[in-house]
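In what follows, a structure is listed as structure tokens, so that the remarks can point back to it.
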Amino acid sequence: MYVVYQPEGSDEPKRWAYNPRRMLSAERERIEKLTGRDWSDFTGAVMKGNSLCRRALLFVFLKREHPATRFEDVDFAWDELRLEHTRGELLLIREQVAENASPDQRDAILASLDEDIASAEDDPESEGKAQLPVVA
């Protein structure tokens, strides 16, 4: 999965590989403190679109590059930050949909996923089979 940030006025988006299983413990603890959620709740909330959780995640990535960044300084419009699945993640989601979606919805969902898969990027850190990004 990628966290993609493109503030208004910037020509190119900033893209970070996001794998909840690969975040450093200090970063996880900081996020838990900022959001008041344990790590597994946080990862699910990011996927569901929780604003505070997405802000905390962006803060961590910005702080890696700019250590003086403060959480209070991180502010963004909703359309400036997005999550993108890697091709491997989308293929895994597609397998699950093909097996589990109701017949009346399956074809439409698969068609949409196929479009996303065609334009998705590979995960350069992927080793072996892709996993879904949410830690259970």
Side-chain angles (χ1 to χ4, degrees):
M1 173 161 285
Y2 293 99
V3 173
V4 182
Y5 177 53
Q6 186 170 8
E8 186 177 337
S10 66
D11 293 331
E12 293 293 322
K14 182 66 181 158
R15 177 184 302 272
W16 296 277
Y18 168 52
N19 181 341
R21 295 168 182 88
R22 304 289 303 155
M23 299 290 287
L24 299 175
S25 59
E27 292 172 335
R28 291 190 313 268
E29 291 167 11
R30 181 81 183 264
I31 285 172
E32 287 178 345
K33 188 179 287 188
L34 288 168
T35 63
R37 293 173 179 260
D38 66 35
W39 187 246
S40 60
D41 288 341
F42 166 81
T43 59
V46 165
M47 296 302 296
K48 291 177 184 173
N50 182 283
S51 295
L52 177 62
C53 293
R54 289 192 177 191
R55 181 178 173 206
L57 183 61
L58 177 60
F59 166 70
V60 165
F61 285 117
L62 290 172
K63 191 157 185 70
R64 286 179 180 177
E65 296 178 6
H66 308 284
T69 300
R70 297 177 317 145
F71 183 69
E72 298 77 25
D73 298 331
V74 177
D75 194 16
F76 59 92
W78 189 250
D79 64 352
E80 295 176 341
L81 185 72
R82 66 184 183 277
L83 300 176
E84 293 179 357
H85 288 288
T86 64
R87 181 172 285 113
E89 291 167 340
L90 289 169
L91 289 169
L92 181 59
I93 292 168
R94 190 186 194 292
E95 286 176 23
Q96 292 177 347
V97 167
E99 292 174 8
N100 300 315
S102 64
D104 59 319
Q105 296 177 335
R106 184 178 301 127
D107 289 341
I109 296 170
L110 292 177
S112 177
L113 282 168
D114 288 340
E115 287 179 24
D116 292 342
I117 290 167
S119 63
E121 293 192 28
D122 289 321
D123 183 356
E125 298 178 11
S126 175
E127 295 177 9
K129 189 171 181 174
Q131 297 178 328
L132 291 178
V134 177
V135 176

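Bear in mind the structure is a predicted one, so any value in this text is a computation, not a measurement.
- With contacts defined as side-chain heavy-atom distances shorter than 4.5 Å, the pair Trp16/Glu65 qualifies.
- With contacts defined as side-chain heavy-atom distances shorter than 4.5 Å, the pair Glu29/Ser25 qualifies.
- Distance alone, capped at 3.5 Å, places no donor-acceptor pair between the Asp73 side chain and the Thr69 backbone.
- Leu83 has its side chain out of reach of Val4: every pair of non-hydrogen atoms, C-beta onward, lies at least 4.5 Å apart.
- With contacts defined as side-chain heavy-atom distances shorter than 4.5 Å, the pair His85/Asp116 does not qualify.
- Among all heavy-atom pairs drawn from Cys53 and Phe42, the shortest one is O-CE1, 3.2 Å.
- In this structure, Gln105 contributes its side chain and Ser102 its backbone to no donor-acceptor pair below 3.5 Å.
- The environment of Glu72 atom CD is dense: over 12 non-hydrogen atoms of other residues, nucleotides or ligands sit within 6.0 angstrom.
- In this structure, the side chain of Glu80 engages the main chain of Glu8 through a donor-acceptor pair within 3.5 Å.
- Minimum interatomic distance between Leu90 and Ala120 (heavy atoms only, all atoms of both residues): CD1-CB, 3.6 Å.
- Looking at heavy atoms from C-beta onward, Tyr18 lies in side-chain contact with Met23 at the 4.5 angstrom threshold.
- With hydrogens and angles disregarded, a donor-acceptor distance shorter than 3.5 Å links the side chain of Arg54 to the backbone of Val46.
- Within a 6.0 Å radius of CG in Asp75, other residues, nucleotides and ligands contribute 12 heavy atoms or fewer.
- Remark: the backbone N or O of Tyr5 is not paired with any side-chain donor or acceptor of Lys14 at under 3.5 angstrom.
- Formation of a donor-acceptor pair under 3.5 Å by the Arg30 side chain with backbone atoms of Val60 is not found in this model.
- The CG atom of Leu34 sits 11.5 Å away from the CG atom of Leu57 when rounded to the nearest 0.5 Å.
- Heavy-atom minimum distance, Val97 versus Arg106: O-NE, 4.0 Å.
- In terms of heavy atoms, Glu84 sits closest to Glu89 at O-OE1, 4.4 Å.
- When all heavy atoms of Arg37 and Ala45 are compared, the pair lying nearest together is NH1-CB, 3.6 Å.
- Formation of a donor-acceptor pair under 3.5 Å by the Thr43 side chain with backbone atoms of Ser40 is found in this model.
- Using a 4.5 Å cut-off on side-chain heavy atoms (C-beta onward), Arg55 and Phe76 make contact.
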